[in-house]
Amino acid sequence: MNYKKFISSVSALAIAATTLAAMAVTASATDYNESVTLGASNGYNIASYNSSGIATAKTGVTYAALRADLRELTDIADATSVTVEFDAATYSGNVVVFSFGDAAQRTTIADGSGNFKTGGLAMYFGSVDGSSLKAYDKTSGQSKSLGSGFFGKILHAKVRFNKAAGTYDYEISQGSNKISQTGVATDIGNLTYVEAFTKTAGAQMMFNNITVSYTVPDAPAPTEAPTEAPTEAPTAAPTAAPTAAPTAAPTSYSFDLANAEAVTGTDGNAVVIKNTVTGITEIIKITVNAEGNTKEFTNGADFEFGTISGDALIGIVVKGVSSVNSITIN
């Protein structure tokens with residue numbers, strides 16, 4: 001076997017195998033469950049907000065709102081999914097809506113006339129005319145009717161945002177009555193904002209029991225590959241087996257490759273790569289287990305090896321199999 005030729009043909013595969021091994025990291029995750037308490041700083045043109053979650057809008061104003069910015073919750077910016085829930089209620093004759101969105105994108109709640117603006121939202125629900133109750137998707141403009149029977153009753157709203165998919169699911173329920181939708185596309189970057197809005201002076205609305213659940217990966221996968229394997233073989237390799245056996249029995253080294261150091265070459269044969277095997281400067285015999293079969297290789301006759309900084313560098317092509325299970329060096 002021409003070792004220099006072999007190394008030049010598989011060095012790229014060696015680098016790829018090393019990189020894949022380094023990137024095969026399974027990160028765990030942490031689940032957070034938080035309750036959000038509203039205070040005076042969360043309101044705009046709100047006359048009062050009591051312990052039951054009933055907010056009363058001021059009179060003589062164009063609009064009033066209660067807002068909860070969730071960006072200060074621990075690591076929520078890194079969350080892969082966020083679920084927000086709250087209880088809400090409104091009454092017939094009042095223009096009141098509740099909404100979910102991204103605090104970083106929610107720049108305007110209403111215009112100068114107090115008309116509700118939807119920028120930065122994924123969805124909103126409530127009454128935009130005081131006579132009907134609906135849930136609206138901000139991106140498509142599509143709506144689902146809640147029915148006028150939901151006026152004056154406590155509704156439970158739940159929205160779950162999936163960051164990777166760029167979608168959200170929602171459910172709005174009152175007892176056994178509910179409407180829901182899954183996999184709705186959205187352009188928000190995160191779910192970090194909830195809000196109650198009214199354009200009706202003196203209107204009352206419930207906005208209470210806000211909870212936030214989200215999942216954050218504990219550790220991201222490595223972003224850099226390890227140092228690349230050598231791209232050139234040693235300048236010289238032995239051309240014959242050692243003329244004399246070692247005076248002491250050599251140490252046997254076994255490696256369970258688990259396919260991480262055995263890749264399939266372009267011709268379908270398995271390529272075993274084991275760079276810089278520490279502590280080995282002489283290789284007499286190599287035993288390879290591949291697909292239940294064992295094959296023994298003899299130095300000089302079946303393979304060649306070189307050294308880097310005194311450590312052995314080996315590479316073997318095992319013909320007829322696509323993967324190698326283990327390798328033993330003597």
Side-chain angles (χ1 to χ4, degrees), residues 36 38 42-44 46 49 53-55 57 63-70 82-103 105-106 108-111 114-162 167-188 190-200 203-213:
V36 178
L38 296 179
N42 303 106
Y44 178 79
I46 296 293
Y49 179 76
I54 303 297
Y63 77 95
L66 276 166
R67 297 162 289 182
D69 188 332
L70 311 176
V82 181
T83 300
V84 179
E85 302 183 52
F86 59 79
D87 292 330
T90 187
Y91 306 91
S92 180
N94 293 338
V95 173
V96 175
V97 295
F98 306 91
S99 56
F100 300 82
D102 188 335
Q105 298 171 233
R106 184 65 166 152
T108 304
I109 297 174
D111 63 19
N115 296 313
F116 184 60
K117 310 296 285 185
T118 61
L121 299 182
M123 69 159 295
Y124 58 100
F125 70 94
S127 180
V128 297
D129 55 15
S131 61
S132 61
L133 274 170
K134 294 181 180 180
Y136 299 86
D137 171 47
K138 179 258 178 179
T139 301
S140 68
Q142 295 180 345
S143 65
K144 279 193 171 187
S145 177
L146 284 159
S148 59
F150 280 54
F151 276 122
K153 295 181 180 179
I154 299 175
L155 310 179
H156 185 74
K158 179 179 181 180
V159 168
R160 179 182 181 275
F161 172 65
N162 184 325
T167 61
Y168 70 89
D169 310 332
Y170 76 84
E171 179 181 290
I172 302 169
S173 60
Q174 193 280 314
S176 60
N177 299 316
K178 68 178 181 180
I179 63 169
S180 61
Q181 191 77 25
T182 60
V184 185
T186 180
D187 58 3
I188 66 169
N190 204 353
L191 180 54
T192 55
Y193 182 87
V194 289
E195 158 194 294
F197 163 93
T198 181
K199 191 183 177 182
T200 305
Q204 286 190 328
M205 55 188 176
M206 173 183 279
F207 188 49
N208 199 27
N209 300 324
I210 303 169
T211 60
V212 186
S213 304

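All residue numbers refer to positions in the sequence shown, counting from 1. The analysis underlying the following values was restricted to heavy atoms, covering all of them including side chains, and did not include hydrogens, waters or symmetry mates. Given the structure is predicted, the values throughout are model-derived calculations rather than measurements.
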- Apply salt bridge (Lys or Arg N to Asp or Glu O under 4.0 Å) to Glu171 and list each qualifying residue two or more places apart in sequence or on a separate chain. Lys178
Quiz: residues 90-101 side-chain donor-acceptor pairs under 3.5 angstrom, not counting sequence neighbours:
| unit_1 | atom_1 | unit_2 | atom_2 | d |
| --- | --- | --- | --- | --- |
| Ser99 | OG | Glu195 | OE2 | 2.9 |

- Item | Straight-line distance of Tyr63 OH to Asp111 CG, nearest 0.5 Å | 9.0 Å
- Query: Would you say Phe197 and Tyr124 make side-chain contact, with heavy atoms under 4.5 Å?
  - Reply: no
- Message: A side-chain contact here means heavy atoms from C-beta on lying under 4.5 Å apart; do Val184 and Thr186 qualify?
- Response: no
- Between atom CZ of Phe116 and atom OG1 of Thr198, what is the distance when rounded to the nearest 0.5 Å? 11.0 Å
- Apply the test side chain to side chain contact (heavy atoms under 4.5 Å, CB included) to residues Arg106 and Leu121: give CA-CA distance (whole Å), side-chain angles for both, the deciding distance (0.1 Å), then the verdict. CA-CA 7 Å; Arg106 184 65 166 152; Leu121 299 182; 3.7 Å; yes
- Heavy-atom closest pair (Ala68 atom, Val36 atom, distance to 0.1 Å) is CB-CG1, 4.2 Å
- Item | Close side-chain approach of Ile172 to Met123, heavy-atom, < 4.5 Å | yes
- Close side-chain approach of Asn190 and Val82, heavy atoms under 4.5 Å: yes
- Looking only at heavy atoms, which two atoms of Tyr193 and Ala103 are closest? And how far apart? CB-N, 3.5 Å
Could you list the donor-acceptor pairs under 3.5 angstrom formed between side-chain atoms of residues 132-140 and any protein atom two or more places apart in sequence or on another chain?
| unit_1 | atom_1 | unit_2 | atom_2 | d |
| --- | --- | --- | --- | --- |
| Ser132 | OG | Asp129 | OD1 | 3.2 |
| Ser132 | OG | Asp129 | OD2 | 3.1 |
| Asp137 | OD1 | Tyr168 | OH | 2.7 |
| Asp137 | OD2 | Ser140 | N | 2.9 |
| Asp137 | OD2 | Ser140 | OG | 2.6 |
| Ser140 | OG | Gln142 | N | 3.2 |

- Item | Rounded distance [0.5 Å steps], CG in Leu70 versus CG in Leu191 | 7.0 Å
- Task: Drop me the distance from Asn42's CG to Arg67's CZ, to the nearest 0.5 angstrom.
- Result: 8.5 Å
- Query: Can you find a pair of side-chain heavy atoms, one from Arg160 and one from Asn162, that are under 4.5 Å apart?
  - Reply: yes
- Atom NZ of Lys117 and atom CD1 of Ile109: how far apart are they, to the nearest 0.5 Å? 12.5 Å
- Give, for atom CD1 of Ile154 and atom CE of Met206, the distance between the pair rounded to the nearest 0.5 Å. 4.0 Å
- Query: Got a sec: does the NZ of Lys158 have more than 12 other heavy atoms crowding it under 6.0 Å?
  - Reply: no
- Is the shortest heavy-atom distance from the side chain of Ile179 to the side chain of Tyr170 under 4.5 Å? yes
- Could you tell me whether the side chain of Asp87 and the main chain of His156 form a donor-acceptor pair under 3.5 Å? no
